[in-house]
J.: 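Once you've had a glance at the structure underneath, I'll fire off some questions.
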Amino acid sequence: MTSPILTVSNLTTSFRVEGQWKSVVRNLSFDIKPKETLAVVGESGSGKSVTALSIMRLTPPQSSKIEGSIKLNGKELLTLPDADMRHIRGNEIAMIFQEPMTSLNPVLTIGFQIAEALILHRGLSRSEAEAETIRLLEKVRIPAAKSRFHEYPHRFSGGMRQRVMIAMALACKPKLLIADEPTTALDVTIQAQTLELIKTLQDEEGMSVLFITHDMGVVAEIADRTVVMYNGDEVETGATEDIFASPKKPYTKALISAVPKLGSMIGKERPMRFPVVDRDTGESDVPVEVPDTVKAAERPVLEVAGLTTRFEIRSGLLSSVKGRVHAVENLSFSLMAGETLALVGESGCGKSTAGRSIMRLLEPLAGSVLLDGVDVLKLNQHDLREQRKRMQMIFQDPFASLNPRMNVGTAVAEPLLINNLATRSEARDKVADLLERVGLQPEMANRFPHEFSGGQRQRICIARALAVEPRLIVADEAVSALDVSVKAQVVNLMLDLQARMGLGYLFISHDMAVVERVSHRVAVMYLGEIVEIGPREAIFQNPQHPYTKRLLAAVPIADPARRLQKRPVSNDEIKSPVRPADYVPPVRQYREVSPGHAVMIWGEEWEKKDPAAIAA
Amino acid sequence: MAGSTLASPSADPAAGAAVSQVSVSPGRETWRRFRRHRLAMASTVVLGLLVLGVIVGPWLWPVAINEIDFSAQLQGPSWSHPLGTDDLGQDILARMMYGGRISLAVGLAAMVVATIVGVLIGALAGMSRKYADPILMWVTDLFLSLPQLPLLLLIIYLFREQLKAIFGVEGGVFVLIVIVIGGLRWMPVARLVRAQFLSLREKEFVEAARAQGATKMRQMFRHILPNALGPVIVASTIEVSSAIIAESTLSFLGLGFPPDIPTWGRLLFDAKDQLDTAPHWALFPGAAIFLTVLSINFIGDGLRDALDPRRVI
């Protein structure tokens, strides 16, 4: 067997926190062979990113120390002088980061930024570097590479920017590419494209990849071997197939069982809880279908008809309207009590705007939103506050949606006090009750949000939303920012609360696998419009619209057997909903596939994008 | 790991539970945290001593501030004159204690006026999504571009007599100076507050408050303002020093207090001609201004940290 490219043995990285050394990675050992992809997977705080930074020696030198040994082609990196290490970075090990939107300099052209690396590292002349840059841009499948050479980063979408970052990383033909969560900030279809691209490039260039991620689905798609980390320790290392097929450690079992798998719900009518796995024993309970909560006989809690929200883009001296963002166009659906309707789509499809318009946090242009028969959009400020008791919202980022200056008890009690539903002493009892209901201790009321983890904060947000006993909860990407195991717990909590309180959920998400698990019905949004709506099973088993099909095909599946299948790399970008000022949206027709399953009749623009057509 | 950060050490539920066993009111908690901030506590003591000194000092050191003694001109510190004397043989300690009352009062009052006006205007501009914002910011820019001295002259000529009639000679000048200094120094605070409001009002926790039915006032004062206070406290503590200096400028121009009232700024101004022969004359009032400004700044820092529960103190 060939000797490994990178050998890490007994790596221990510590940071100095308030004068004390705290180890963040302990005794980690692995090696990467030529042309191999190794995934390091773990939840937040598991030390996987620190591992990558340690290999590059990018941790702050004064307040951190790296012990053990890191050998690149037999050369010890930890004892290398700084100047030599700089030569290694970029030349032999290249790195791509999570956030493509901020990792390019916005005032320099794309071409200049790549060419600069070539001139610096490979000593090319400017004209040679330019030719090489165009070759690299073509290599990462950027359409019309030559003409985009002189463009600035803001004209590129997130996925395209990540391609540029990859091109930059490839500039010096590195032996090892470290990819730190390169697809986490991207939409699923773009993520699928990027993963395919990395796989293809790895074949072409013959480099090794160290892939850092929290997503078991992505691991299954890309990695030959996998290192599972938890809290700075290596839990399990092995071939990806073995890790998935027969995980040995309880933690790995827990992690894998918490990953929602697309297609696991075939034949189930109602949402299902996630299995709960004990992290110490590895034993799992058997998940059950939730009881039937949908009150189909009653009038729907929420009836939305013709909801339209547009934002005007003004510019010029007299701020005339230069264009409009058609964020939400003619949205219509209804939601029963005790039912979960999922609104899915990729970034920019208007799903969050739809949620905020329904809550009337934004003022929609037209349409009606009937909440228990009352049109929310026609209420004045006073009546609207009254009506908001009946609908509440849970936000995506549990770190931003709690006021950092307010302790948890005050935050949860606030809606009660605002709406005069309780006196101060009553509110205190109610808060204790609510915190217990979401699985927290009542004593936690005196603590501040920063003392809680992400999952606990999301529970606090749920408690706050429940305080006024709403009928409808708009959950805007409520579990997207959470780690898988925490995500499973929060979803289970939401399902329990729905069964107990008969809540209607408008579950806004981009994560198809979670949606499949929790929803009764699904609406797929594209460019502000619903392209397909229907019962969950119909959408997932019998998708009609090309966009729904594409979305489902792009979801990474936690099944390593699929890894070797190559899918064609398409270069489609997500289209923008910005239209000229005089744009008149077309009138859409819907076709009923089966009872309750309606699909928009699509035009010719979709025909050529059919996946089968690309493959041919 | 979108949106996640490393858990803080206290994110461990068991660790946190032990700390907050005893329930304390937020006010007490802030005071407890403030007390742990050593520099801020030391500064509170220093400022307290300064204030106490100028209030009770004149009783403990009953020397007339205008007693001219030509036999003791420009003397250095001694037992009979602990801080020395000026060119007319007047006792500097007595003069500083008398003038300190005015300087401190002017500095603090002007700061309060500037901060209140600045916060109000900044908050209104920052919350408005329609016309109030541009209009208020035009006004702010207008005030920033006004030539201050001619304006001061005008205001003082127009209003000095009326105010003197109402508040007496010193009181009238005091009110006038506080209004003038405060009224011309609120702009930086207003711009700062507006910028903070613009970014904070889009935060999800404010949106969450709106979704719960919070009124605009509640969003402003319970959710946004407490989070915007940090920079405001720092900016307004700097106002104290500039107000003390501005007062001496006004007095020098003959627009402030009469020249025989020895405010700290006035003392510094008088001492500047004798810096080489009698440095103590400038040093002591200078040190008093320096100590005041420094301690108020540190108190500001301490307050900012104590009010922010995220900071570990």
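Protein chains get the first letters and strands the later ones, always in sequence-line order, with residue 1 at the start of each. Keep in mind that this is a model prediction, so the values were computed, not measured.
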J.: Measure L307(B) against the heavy atoms of chain A and call it side chain, backbone, both or neither at under 4.5 Å.
T.: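 Both backbone and side chain of L307(B) come within 4.5 Å of chain A.
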J.: If every non-hydrogen atom of G213(B) is compared with every non-hydrogen atom of I418(A), which pair is closest and at what distance?
T.: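 Nearest pair, atom of G213(B) first, then I418(A): O-CG2, 3.3 Å.
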J.: Do you know which two heavy atoms are closest between R222(B) and N403(A), and how far apart they sit?
T.: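 Where R222(B) meets N403(A) most closely, the heavy atoms are O-ND2, 3.5 Å.
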J.: Quick one: CZ on R405(A) to CG on L225(B), what's the gap to the nearest 0.5 Å?
T.: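 Here the interatomic distance stands at 10.0 Å.
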J.: What part of R218(B) is in contact with chain A, defined as an atom under 4.5 angstrom from a non-hydrogen atom: side chain, backbone, both or neither?
T.: side chain
J.: Should the heavy atoms of other residues, nucleotides or ligands under 6.0 Å from CD of Q20(A) be counted, would the total exceed 12?
T.: no
J.: So, R388(A) side chain and R210(B) main chain: donor-acceptor pair closer than 3.5 Å or not?
T.: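 A pair under 3.5 Å: yes.
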J.: CE/M406(A) to CG/N227(B) distance, rounded to the nearest 0.5 angstrom?
T.: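 Output value for this atom pair is 9.0 Å.
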J.: Which atoms of L402(A) are under 4.5 Å from chain B, going by heavy atoms: the side chain, the backbone, both sets, or neither?
T.: backbone
J.: To the nearest 0.5 Å, how far apart are CE in M393(A) and CD in E207(B)?
T.: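 Result: 6.0 Å between the selected atoms.
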J.: Sub-3.5 Å donor-acceptor pair from the side chain of N419(A) to the main-chain atoms of A214(B), do we have one?
T.: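 No, because the side chain of N419(A) does not come within donor-acceptor range (under 3.5 Å) of the backbone of A214(B).
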J.: Check whether R356(A) gets within reach of chain B through its side chain, its backbone, both or neither, counting any heavy atom under 4.5 Å.
T.: side chain
